[in-house]
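Inspection log for the structure reproduced underneath, given as structure tokens.
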Amino acid sequence: MSTTSGTDAVRRHDPAVRGFASDNYAGVHPEILAAIALANGGHQIAYGEDQYTEHLQSVFQRHFGEQAEAYPVFNGTGANVVALQSLLPRWGAVIAAESAHINVDECGAPEKIAGIKLLTVPTPDGKLTPELIDQQAWGWGDEHRAQPLAVSITQSTELGTLYTVEEVRAICEHAHERGMLVHMDGSRLANAAASLDRPFREFTTDAGVDVLSFGGTKNGLLFGEVVVVLDPEKVRNIKFLRKMSMQLASKMRFASVQFEALLSGDLWLRNAGHANAMAKRLEAAVQRIDGVTVVRPVQANAVFAVLPREVSERLQKRYRFYFWNEHTGEVRWMSAFDTTEADIDAFAAAIAEEMGR
Ligand SMILES: Cc1ncc(COP(=O)(O)O)c(C=O)c1O
């Protein structure tokens, strides 16, 4: 254990240890840490009137169009709660995949904090389609039913899959024709853009998405996500909703400067492209191991696999990862911007070793 110079804090972890549980387990990219240091010192107006947040508007406009508005928040759950509220009146409901983070991993925050009814649909691959949306898109005008006035999709999905540009466009058209607005949970939007090899705006603004939760944390930031208003005609009053939802950072310059560092050049693409490539490397390696089945398409930075439960349990003593489905024994392995080829090769070797025991 070493003491970092200039601080009384002691390094209490081994930075060589990596796992496959979540891209959130990774640390902060050094270029992001450097940007935070750059923004330090002196005084700046608090609550978003600083020079970094002002500049951030043009950074997001370059990626999402001249009309885009960027509102930094603390985390992804907060971004979703703020964004969804902006789309709905008190009686509104949002249609989402059953596997959506807003449904399964936010402790009911959209319901409890925002008071929003979620209307969920089971999907085979984490993706909604116009047909699946129609399972819940009915009952407008009926005061007994929460009114379906928004659709939320996740890109890339919680199951590591991707919507194509055409699929997003078809969903937006379908939703808009029925008077519903569209939210995209882009907690891993950079992974999606890297994998699709398309500019962000092609499968967001240009495809008809109205409001976006743009993720940073999973792509190398210390913290922070951004609610991006893509259609300011339809999405209003985010600044009030953000404060009401406890997502207004007083020292916002430190969130904003991280996104400037991520998005001004190609750091976002380097980080996401690398994480995706590491998932592909893991997929290829485990496909060579008898008894391990990759059960979902690997389109971003997640690999879902089925293998004997006792093997997974032994492996978990060596590496962190989660069971995705306790019932079927399906596990999820995630890569991050800092996962190395050596990490993947060592993990694959460990899987092969445990399978052979
Ligand atoms: C699809 C998705 N949305 C949103 C989030 C954001 O969550 P948090 O509130 O932990 O930042 C996550 C995090 O795992 C996620 O996977």
Side-chain angles (χ1 to χ4, degrees), residues 19-28 32 71-85 94-114 116 118 120 123 125-128 150-163 168 182-195 203-204 209 211-228 242 245-249 255 258-259 262 271-272 275-276 279 296 298-304 320-325 332-337:
F20 299 88
S22 167
D23 34 12
N24 283 330
Y25 278 44
V28 183
I32 299 293
Y71 298 88
V73 295
F74 288 110
N75 58 27
T77 301
N80 289 339
V81 165
V82 171
L84 290 173
Q85 285 178 90
V94 58
I95 300 174
E98 201 169 61
S99 52
H101 198 265
I102 56 171
N103 186 42
V104 290
D105 268 322
E106 298 189 353
C107 196
E111 289 99 333
K112 293 178 185 122
I113 307 297
I116 289 168
L118 298 184
T120 62
T123 70
D125 53 6
K127 290 164 60 175
L128 288 177
V151 171
S152 179
I153 57 177
T154 308
Q155 177 80 318
S156 57
T157 74
E158 293 77 1
L159 301 181
T161 51
L162 282 179
Y163 289 93
V168 177
V182 179
H183 164 249
M184 182 177 274
D185 179 346
S187 162
R188 297 189 180 86
L189 204 78
N191 299 88
S195 186
F203 59 95
T204 56
V209 176
V211 67
L212 168 72
S213 304
F214 183 87
T217 315
K218 294 171 174 46
N219 201 21
L221 265 55
L222 173 58
F223 75 93
E225 318 276 302
V226 175
V227 177
V228 192
R242 178 174 60 178
S245 307
M246 297 156 280
Q247 288 288 321
L248 181 64
Q258 294 180 75
F259 283 99
L262 191 72
N271 283 354
N276 292 351
R296 301 180 190 278
V298 178
Q299 298 178 330
N301 63 327
V303 178
F304 290 82
R320 292 290 301 232
F321 63 88
Y322 294 113
F323 277 95
W324 183 255
N325 183 327
R332 183 187 76 167
W333 297 321
M334 298 212 71
S335 53
F337 75 89

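First listed ligand is number 1; within each ligand, the first listed atom is number 1.
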Present, as a list of atom pairs with distances to 0.1 Å, all nitrogen or oxygen contacts under 3.5 Å between ligand 1 and the protein.
| unit_1 | atom_1 | unit_2 | atom_2 | d |
| --- | --- | --- | --- | --- |
| ligand 1 | 3 (N) | Asp185 | OD1 | 3.2 |
| ligand 1 | 3 (N) | Asp185 | OD2 | 2.7 |
| ligand 1 | 9 (O) | Gly76 | N | 3.4 |
| ligand 1 | 9 (O) | Thr77 | N | 2.8 |
| ligand 1 | 9 (O) | Thr77 | OG1 | 2.6 |
| ligand 1 | 11 (O) | Gly76 | N | 2.8 |
| ligand 1 | 14 (O) | His101 | NE2 | 3.4 |
| ligand 1 | 14 (O) | Lys218 | NZ | 2.9 |
| ligand 1 | 16 (O) | Arg188 | NH1 | 3.1 |

Where Asn301 and Asn191 come nearest, the two heavy atoms and their spacing:
CG-ND2, 3.6 Å
Nearest heavy-atom approach of Cys107 to Lys112 is O-NZ, 3.2 Å
Kindly compute the distance separating CZ (Phe214) from CG (Leu262), expressed to the nearest 0.5 Å.
6.0 Å
By side-chain contact (heavy atoms from CB on, under 4.5 Å) - contacts of Asp105 (at least two apart):
His101
Would you mind telling me which of Val104, Thr123, Thr120 makes a side-chain contact (heavy atoms from CB on, under 4.5 Å) with Ser99?
Thr123
Rounded to the nearest 0.5 Å, what's the gap from OG on Ser335 to CG on Asp23? Could you check?
7.5 Å
